[in-house]
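Atom set for the values below is all heavy atoms of this structure, side chains included, hydrogens, waters and symmetry mates excluded. On a predicted model such as this, the values are computed, not experimentally measured, just so you know.
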Amino acid sequence: MRVPPRERETRDGRRYAVRSARPGEAGAVLDLFLEVVGEAPYAVLQEPSEVDVTVERLRALLQALEAADNGFYLVAESDGGLVGTLSCAGGRLARTRQAAEIGVHVRRPWRRRGVARALVEAAVEAARGGGVLTRLHLQVFAANEPALRLYGACGFAEEGRLRGHVRVDGEDVDVVAMALGL
């Protein structure tokens with residue numbers, strides 16, 4: 001599914017656009033993901049050494065989501081560089097294709113400036129307008145309080161908690177499951 005570009009501005013006046021990712025941007029998307037994995041232990045499940053995504057596999061994913069009626073991949077772009085991403089992938093089975101999982105990643109200098117909110121709001125709007133998706137869901141570390149506040153403000157509600165599901169720096173951390181009915 002394609003999402004048309006929309007110009008946005010951060011709280012401090014920096015301009016950026018939210019739009020669908022292009023398959024040719026797979027390398028830039030992967031670079032952003034690797035940067036977030038390396039610096040934000042409460043943002044992703046993988047340790048940096050466990051990331052096994054390649055540019056080719058990511059390019060194929062971007063192409064598949066571009067053609068899908070129940071998924072998409074968004075980027076936030078400023079001055080030709082990616083500052084954030086949001087993946088939205090609906091189920092592949094007939095019984096789950098109406099439900100999509102989202103994942104958001106934003107570069108450190110752009111956090112707490114409204115970029116993640118803009119990505120989530122664009123995803124909700126696109127999902128509602130696509131005619132297939134009826135539910136968005138996500139998982140977030142319980143220790144990631146800014147993300148919990150953001151998702152709550154965007155209408156996501158906690159549906160459950162996986163206690164001690166992830167170990168970060170030797171500490172067991174809960175993961176919160178959240179969802180939004182469309």
Side-chain angles (χ1 to χ4, degrees), residues 18 20-66 68 70-78 81-93 96 99-113 115-120 122-123 127 133 135-152 154 156 158-180:
V18 172
S20 286
R22 300 178 194 109
E25 295 175 306
V29 169
L30 182 57
D31 287 345
L32 186 148
F33 180 70
L34 291 171
E35 182 179 314
V36 171
V37 168
E39 71 180 15
Y42 290 98
V44 293
L45 289 176
Q46 297 102 326
E47 293 284 342
S49 63
E50 296 172 328
V51 175
D52 63 353
V53 178
T54 64
V55 171
E56 294 76 24
R57 284 179 42 206
L58 191 50
R59 183 177 295 116
L61 172 67
L62 295 177
Q63 289 171 333
L65 289 175
E66 189 174 62
N70 69 338
F72 44 85
Y73 205 105
L74 301 178
V75 296
E77 175 187 39
S78 180
L82 300 187
V83 299
T85 63
L86 181 143
S87 61
C88 177
R92 290 185 236 150
L93 305 174
T96 62
E101 183 167 10
I102 68 168
V104 182
H105 301 101
V106 176
R107 288 189 194 279
R108 183 177 300 280
W110 289 81
R111 292 183 195 145
R112 307 244 167 77
R113 289 180 158 71
V115 174
R117 178 182 293 271
L119 286 163
V120 172
L133 296 173
R135 171 185 166 86
L136 297 177
H137 59 96
L138 58 90
Q139 292 186 2
V140 59
F141 288 80
N144 191 342
E145 291 178 15
L148 288 168
R149 283 192 303 275
L150 165 69
Y151 298 131
C154 289
F156 286 79
E158 182 173 331
E159 290 195 330
R161 204 172 265 260
L162 303 168
R163 304 218 180 269
H165 187 66
V166 179
R167 184 164 286 163
V168 178
D169 297 329
E171 178 186 344
D172 289 343
V173 178
D174 294 354
V175 171
V176 178
M178 301 183 81
L180 171 69

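A heavy-atom distance below 4.5 Å is found between the side chains of L136 and C88. For the pair V176/Y151, no side-chain contact is recorded, criterion being any heavy-atom separation below 4.5 Å from C-beta on. At a threshold of 4.5 Å between non-hydrogen side-chain atoms, the residues P146 and R112 count as touching.
One distance of note links CD of Q63 with CG of L58; it measures 10.5 Å at 0.5 Å rounding. To the nearest 0.5 angstrom, E77 atom CD is 6.5 Å from E25 atom CD. One finds the CD atom of Q139 at 6.0 Å from the CD atom of E101 (value rounded to the nearest 0.5 Å). Taking CG of N144 as the reference point, atom CZ of R149 lies at 9.0 Å (rounded to 0.5 Å). Summarising the geometry, atom CG belonging to L119 is positioned 12.0 Å from atom CZ belonging to R117; distances are rounded to the nearest 0.5 Å. From L138, atom CG reaches atom CG of L180 across 9.0 Å, with rounding to the nearest 0.5 Å.
Annotation for Q46: atom CD counts as buried by contact number, over 12 foreign heavy atoms lying within 6.0 Å. Within 6.0 Å of CZ in R57 there are more than 12 heavy atoms belonging to other residues, nucleotides or ligands.
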Apply side chain to side chain contact (heavy atoms under 4.5 Å, CB included) to residues V168 and F141 and explain how you reach the verdict. CA-CA 10 Å; V168 178; F141 288 80; 3.9 Å; yes

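Judged by distance alone, with hydrogens and angles left aside, the side-chain atoms of D174 form a donor-acceptor pair with the main-chain N or O of G164 at under 3.5 Å. No donor-acceptor distance shorter than 3.5 angstrom exists from the side chain of R107 to the backbone of E35, with no hydrogens or angles considered.
Minimum interatomic distance between V140 and A147 (heavy atoms only, all atoms of both residues): CG2-CB, 3.6 Å. Smallest separation of non-hydrogen atoms from V18 and A122: CG1-CB, 3.8 Å. Taking both residues in full, the closest heavy atoms of L82 and L32 are given as O-CD1, 3.7 Å, listed atom of the first, atom of the second, then distance. Of all heavy-atom pairs spanning L86 and A123, the tightest one is CD2-CB, 3.6 Å. Across every non-hydrogen atom of A116 and V104, the tightest pair is CB-CG1, 4.1 Å. Closest of all the heavy-atom pairs between A179 and R135 is CB-NH1, 3.4 Å.
In terms of the salt bridge (charged side-chain N to carboxylate O under 4.0 Å, His left out) criterion, residue partners of E158 (sequence neighbours excluded) are, by chain and number, R161.
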